[in-house]
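To keep things clear, I will list the structure first and then write my remarks on it.
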Amino acid sequence: MTLYSRVRPLAFTLPPERAHALGKQALRAVQSTYPTRAAVSYAYQYDHPALEVDAFGTRFPNPVGVAAGFDKNAEVTHALESLGFGFVEIGTVTPYAQTGNDRPRLFRLREDRGMINRLGFNGHGMEAIKSRLERDGVPDVPLGVNVGKMNTSSEAEAIEDYRRVFDRLSPFADYVVVNVSCPNTPETFDESSPEQLRTIFETLEAENEAEKPILVKVGPDSPDESVLELVDIVREFDVDGIVATNTTTEREGLESPNREERGGLSGEPLADRSTELVRTLAEYTDGELPIVGVGGVDSAERAYEKVRAGASLVQLYTGFVYEGPSTAKRINRGLVELLERDGFSSVEEAVGADLE
Ligand SMILES: Cc1cc2nc3c(=O)[nH]c(=O)nc-3n(C[C@H](O)[C@H](O)[C@H](O)COP(=O)(O)O)c2cc1C
């Protein structure tokens, strides 16, 4: 029995946002001194050469990253590195601070091992995050920056939002993600319409003198044809990868009392759909565009499924909430065992193993 499995029932008596805030406070304490960071790294990091991945010109020590939304404001990137994650994606970052939607806006679905959130891009805004990154430095593992727009922005303003956040924060990033798939922002226009996408990517490409890798994050709810059309569009530009997927508005097969809450569903109920989309994308792009698989990863088996379906890297958020601080270590250790069992010498060798 892990310590977290004893602490979790207590944490789960708190409202989820309160528990998240307390968890973040603990992580801030971890990263505040060198000895605590070193002690946590010693306890939780798991290194193995088979876990190293090269993707879009960046070297990842292991393929298990923290998904966007967990550390929206870049407050605990160093602690997450100490917990053994191979990369951390901050954001979604918007140009100015936003409070997001009214509370409650985050719900646990314990029976389903899921969560529903309708936070609505709450965050400190790009200037505060830039100052924090300058002050605290970036972690040693790759840092992704997920960029978004203000909830109130018009179609034209949205382009400028993406451009400004990119301009401010891409110098700190190993890769940038354009998030056009959040189910919780007001739908005043369709961000993933072909014209809007083209304008976003044209603008960022013009801004991208340092040639930072740019990825696009897609949702799981559109028909496959629409997602593939989106891929065609981003490939007209120099897009370096795809993050699949964001949360879902589907509610099939859920048991928890909170299942009717409005918002994006994450965790176990999303796992198969997101893996299916990873596979569709990997087949469609012939493995030429690195894919970051995200949705319901909470174990080595779940991570491995996504790798075999074509993901070069995986990320998680909800699995971390349910499994606690040793999540990355357990997944990485388990991945090495699964690779050995199946005769692969590295994660990279197993990417897309299940494809025809
Ligand atoms: C509370 C919460 C907040 C999130 N915020 C963001 C966000 O700001 N930007 C984003 O691109 N994805 C966000 N996500 C989606 C996650 O990055 C991820 O795509 C999704 O949760 C599926 O992964 P999981 O099943 O491991 O949680 C959020 C997810 C949760 C649960």
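Both counts, for ligands and for their atoms, begin at 1 and track the order of listing. Quick note: numbers below take in every heavy atom, side chains included, and nothing from hydrogens, waters or symmetry partners. Just so it is clear, the model here is predicted, and its values are computed rather than measured.
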Seminar exercise, completed: ring pair (Phe, Tyr, Trp, His ring centres under 6.0 Å) filter on Tyr322, not counting sequence neighbours, yields Phe12
Is there a donor-acceptor contact under 3.5 Å linking the side chains of [X] and [Y]?
| X | Y | value |
| --- | --- | --- |
| Glu89 | Tyr175 | yes |
| Ser181 | Lys217 | no |
| Ser153 | Asp161 | yes |

Problem set entry | Sidechain N-carboxylate O distance under 4.0 Å for Asp47, Lys329 | no
Problem set entry | Contact residues of ligand 1 (heavy atom under 4.0 Å), by chain and number | Ala67, Ala68, Gly69, Lys72, Gly91, Thr92, Leu106, Met115, Asn117, Leu119, Asn146, Asn179, Lys217, Thr245, Asn246, Thr247, Ser266, Gly267, Leu270, Val294, Gly295, Gly296, Leu316, Tyr317, Thr318
Exercise. In Å and rounded to the nearest 0.5 Å, what is the CG to OH distance from Asn117 to Tyr317?
Worked result: 7.0 Å
